[in-house]
Amino acid sequence: MRAQPEASHYIHGAYANEAEGPEFNSVYPATGEVIARVRSARGDTVNAAVASAREGFQEWSATPAVERGRVLRRAAEILRDRNRELSELETLDTGKALQETLVSDPASAAECLEYFGSLIPTLTSEHIDLGGPFAYTRREPLGVCVGIGAWNYPIQIAGWKAAPALACGNAMVFKPSEVTPLSTLKLAEILIEAGLPKGVFNVVQGDGETGRLLVSHPEVAKVSLTGSVPTGEKVAALAGAGLKQTTLELGGKSPLIVFEDADLDEAVSGAMLANFYSTGQICSNGTRVFVHRSIRPQFIEKLVERTRKIVIGDPMDEASQMGPLVSKAQYDKVLNYMRLGQAEGAELVYGGEAAVVEGFADGWWVQPTIFADVADHMHIAREEIFGPVMCVLDFDSEDEVIARANATQFGLAAGLFTRDIARAHRVVAQLHAGTCWINTYNLTPVEMPFGGMKKSGIGRENGKAAIEHYSQVKGIYVETGKIDCPY
Ligand code: NDP
């Protein structure tokens with residue numbers, strides 16, 4: 001097995017095995033080869049991880065912010081030094097093209113650690129003058145936080161959760177997705193190497209049951225999940241029963257609007273980035289591409305011409321632009337939507353079936369796919385596919401497209417292309433989405449808050465906004481005179 005870790009879990013600064021949890025495989029999606037085997041954590045391991053985090057929290061929460069920041073920035077440097085090795089591991093675990101993981105995965109976790117490591121020592125509290133007496137505030141950590149990740153950006157998701165949590169002085173127990181268990185263990189190793197006290201960042205592997213044990217653990221103060229809406233609903237209900245705080249980064253069916261005055265080549269680039277990067281497995285993807293009816297023929301022509309040139313192939317070859325889907329389950333789901341789109345009457349203008357890649361017969365490859373003439377009521381226009389399937393919908397007016405863009409239970413992201421600045425800001429203000437782009441798509445710099453409205457989530461990751469979700473404010477009243485007491 002090419003990527004077998006020393007043991008399944010990483011607890012209190014060391015690898016830890018567990019005998020009783022069910023075993024599962026990590027598979028290289030390009031070939032179907034088993035690359036590692038790990039075990040799900042059950043009660044004893046979950047308890048050990050949380051107890052260790054509780055211990056780590058005592059020391060870490062008393063560490064000055066400037067020192068906490070230094071440790072996180074050191075970890076960012078180590079991640080950057082090992083970028084290639086970590087990106088190769090991420091490509092093995094996810095199947096995503098190395099061309100992408102080299103720039104988007106460990107690198108994004110590193111940026112997040114650097115950002116929060118730099119931000120945290122600069123934050124100051126309030127002094128409130130009460131005309132004699134005064135009050136001040138302290139921003140305090142929450143305690144032990146649980147992070148639960150999805151499989152599409154494993155080390156990035158772990159970094160996006162660990163960095164603000166740890167910067168604020170919390171400890172974290174992180175559970176990666178069963179589908180992609182490997183890279184988060186490396187992040188834990190690196191944080192220890194950077195000087196993080198033992199127990200402050202622990203990793204336990206496991207399935208939904210492990211997640212449930214973590215969320216319901218009485219010593220856990222907060223849960224941050226990246227996953228699907230149904231899992232988010234379950235996690236929120238369980239966390240709510242224990243009155244725990246939650247951050248939920250869930251799914252989407254985001255609109256991308258191309259107005260008639262858009263730079264067409266740029267808009268095509270945006271639509272491709274919004275649908276084909278990461279083989280379409282991105283929560284914020286702009287999968288409903290609304291194109292003004294007057295420019296639709298030119299748009300489709302350019303789009304198809306460029307989609308035809310996408311290089312699908314060996315993910316480890318840096319020339320490859322698209323790898324396979326992450327799992328057989330995802331492959332079946334995406335192919336099913338490709339068939340459904342045709343059955344529902346959408347016009348298939350490109351792709352629509354499995355892709356054949358020489359030398360990788362057992363991988364989960366699909367073609368980048370474009371449907372036109374998609375109607376709002378179709379399943380492919382309403383449900384999250386999480387694969388490289390773009391739906392092109394026509395529109396005639398600004399008001400109409402805003403209403404149709406918003407007519408969804410999701411509200412994660414949205415984008416628009418136009419040369420008219422006034423229209424750009426007018427429209428973006430009316431879109432029900434937590435993250436919006438004007439004249440680009442899917443850029444998520446760590447300085448900018450990211451997260452969803454409606455069923456796409458609660459809370460924000462990244463930016464200063466994340467600090468609010470990993471800390472609590474204490475108000476302290478200081479009397480400087482005599483107490484005015486009626487008794
Ligand atoms: P899932 O919701 O299936 O799983 C997410 C995580 O939750 C996994 O680690 C999973 O464990 C765990 N889990 C499952 N059931 C429970 C439970 N009852 N209690 C606690 N934890 C549980 O999502 P996927 O992994 O399939 O990821 C794809 C989804 O994630 C898509 O819908 C996508 O939109 C969303 N996503 C959202 C992002 C965002 O930032 N908004 C970013 C990336 C993805 P396991 O898998 O090991 O069983």
Side-chain angles (χ1 to χ4, degrees), residues 8 21-22 24-26 38-41 46 93-94 96 104-105 108 112 146-161 173-182 184 203-217 220 223-242 244 246-254 277-287 325-327 329-330 333-334 383-387 408-413 433-435 442 444 449-462 466:
S8 298
F24 60 91
N25 293 332
S26 171
V38 295
R39 279 188 185 280
S40 281
V46 166
D93 220 4
T94 62
K96 291 192 296 181
S104 303
D105 294 78
S108 174
C112 201
V146 160
I148 300 178
W151 43 254
N152 59 342
Y153 278 88
I155 200 168
Q156 182 195 98
I157 292 171
W160 282 22
K161 296 192 190 304
V173 180
F174 193 91
K175 188 199 88 61
S177 163
E178 265 175 295
V179 182
T180 53
L182 302 177
T184 315
V203 177
V204 296
Q205 304 294 348
D207 48 13
E209 172 60 11
T210 310
R212 207 188 54 73
L213 289 170
L214 285 165
V215 174
S216 56
H217 197 291
V220 166
V223 180
S224 177
L225 167 83
T226 295
S228 60
V229 172
T231 304
E233 288 170 345
K234 283 186 212 152
V235 165
L238 199 54
K244 294 168 188 177
T246 47
T247 297
L248 302 173
E249 296 292 352
L250 309 176
K253 190 74 191 178
S254 301
Y277 206 72
S278 236
T279 319
Q281 301 163 115
I282 300 184
C283 50
S284 52
N285 270 357
T287 46
L325 291 166
V326 76
S327 64
Q330 199 61 20
K333 179 180 161 192
V334 171
E383 295 167 15
E384 186 178 49
I385 300 175
F386 230 58
T408 163
Q409 59 168 344
F410 299 112
L412 185 56
T435 309
N442 259 350
T444 53
F450 179 84
M453 293 180 179
K454 299 195 277 186
K455 284 215 166 184
S456 291
I458 296 174
R460 295 291 176 267
E461 298 199 297
N462 291 344

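In each ligand, atom 1 is the first atom listed, and ligand 1 is the first ligand listed. We use all heavy atoms of the structure for the numbers below, so side chains are in, but hydrogens, waters and symmetry mates are not.
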Looking at side-chain heavy atoms only, is the closest gap between [X] and [Y] below 4.5 Å?
{"X": "Lys175", "Y": "Val173", "answer": "no"}
{"X": "Leu214", "Y": "Val204", "answer": "yes"}
{"X": "Ile282", "Y": "Asn442", "answer": "yes"}

At less than 4.0 angstrom from any non-hydrogen atom of [X], what atoms of ligand 1 do you find?
{"X": "Ala150", "answer": "25 (O), 27 (O), 30 (O), 44 (C)"}
{"X": "Leu225", "answer": "6 (C), 7 (O)"}
{"X": "Thr226", "answer": "5 (C), 36 (N), 37 (C), 38 (C), 39 (C), 40 (O), 42 (C), 43 (C), 44 (C)"}
{"X": "Gly251", "answer": "34 (O)"}

Problem set entry | Basic-acidic side-chain contact under 4.0 Å: Glu233, Lys455 |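 Between Lys455 and Glu233 there is a salt bridge, with a charged N closer than 4.0 Å to a carboxylate O.
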Problem set entry | Proximal candidate to atom 35 (C) of ligand 1 [heavy atom criterion; set Cys283, Gly451, Gly227] |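 Selected option, by shortest heavy-atom distance: Gly227.
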For this session: Nearest heavy atom to atom 9 (O) of ligand 1 wins, so pick from Gly149, Gly252, Ser284.
Result: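 Considering heavy atoms of Gly149, Gly252, Ser284, the nearest to atom 9 (O) of ligand 1 sits in Gly149.
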For this session: Show your reasoning for whether side chain to side chain donor-acceptor pair (under 3.5 Å) applies to Ser108 and Trp160.
Result: CA-CA 8 Å; Ser108 174; Trp160 282 22; 3.0 Å; yes
Problem set entry | Inter-residue atom distance Phe450.CZ - Asn462.CG, 0.5 Å rounding |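 It comes to 8.5 Å.
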For this session: Quick one: pull up OH in Tyr153 and OG in Ser177 and give me the separation to the nearest 0.5 Å.
Result: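 Output value for this atom pair is 15.0 Å.
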Exercise. Partners of Thr287 by side-chain contact (heavy atoms from CB on, under 4.5 Å), sequence neighbours excluded?
Worked result: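 Counting only residues at least two positions away or on another chain, Thr287 forms a side-chain contact (heavy atoms from CB on, under 4.5 Å) with Lys253, Asn275, Asn285.
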Minimum-distance protein heavy atom relative to [atom]:
{"atom": "atom 25 (O) of ligand 1", "answer": "Trp151 CD1, 3.1 Å"}
{"atom": "atom 11 (O) of ligand 1", "answer": "Lys175 NZ, 3.0 Å"}
{"atom": "atom 28 (C) of ligand 1", "answer": "Phe386 CE2, 3.9 Å"}
{"atom": "atom 46 (O) of ligand 1", "answer": "Ser177 OG, 3.5 Å"}

For this session: Report yes or no: does a heavy atom of Tyr153 sit under 4.0 Å from some atom of ligand 1?
Result: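 Contact check Tyr153 vs ligand 1: negative.
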Exercise. Does ligand 1 have an atom under 4.0 Å from some heavy atom of Val179?
Worked result: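 The answer is no: ligand 1 sits nowhere under 4.0 Å from a heavy atom of Val179.
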Exercise. Lys454 side chain to Thr408 main-chain N or O, any donor-acceptor pair under 3.5 Å?
Worked result: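 Yes, the answer is positive, given that a donor and an acceptor are paired below the 3.5 Å cut-off.
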Exercise. Checking Arg460 side chain against Gly452 main chain: does a donor-acceptor pair fall under 3.5 Å?
Worked result: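 Flag set: sc Arg460 to bb Gly452 pair under 3.5 Å.
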Exercise. For Lys234 and ligand 1, does the shortest N/O to N/O distance drop below 3.5 Å?
Worked result: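 No, since none of the N or O atoms of Lys234 sits under 3.5 Å from an N or O of ligand 1.
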Exercise. Does Leu250 reach ligand 1 with a nitrogen or oxygen that is under 3.5 Å from one of the ligand's nitrogen or oxygen atoms?
Worked result: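 Looking only at distances, the answer is yes, because the N/O contact criterion of under 3.5 Å is met.
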Does [X] approach ligand 1 within less than 4.0 angstrom via side chain, backbone, both or neither, non-hydrogen atoms only?
{"X": "Glu384", "result": "side chain"}
{"X": "Thr210", "result": "neither"}
{"X": "Ile148", "result": "side chain"}

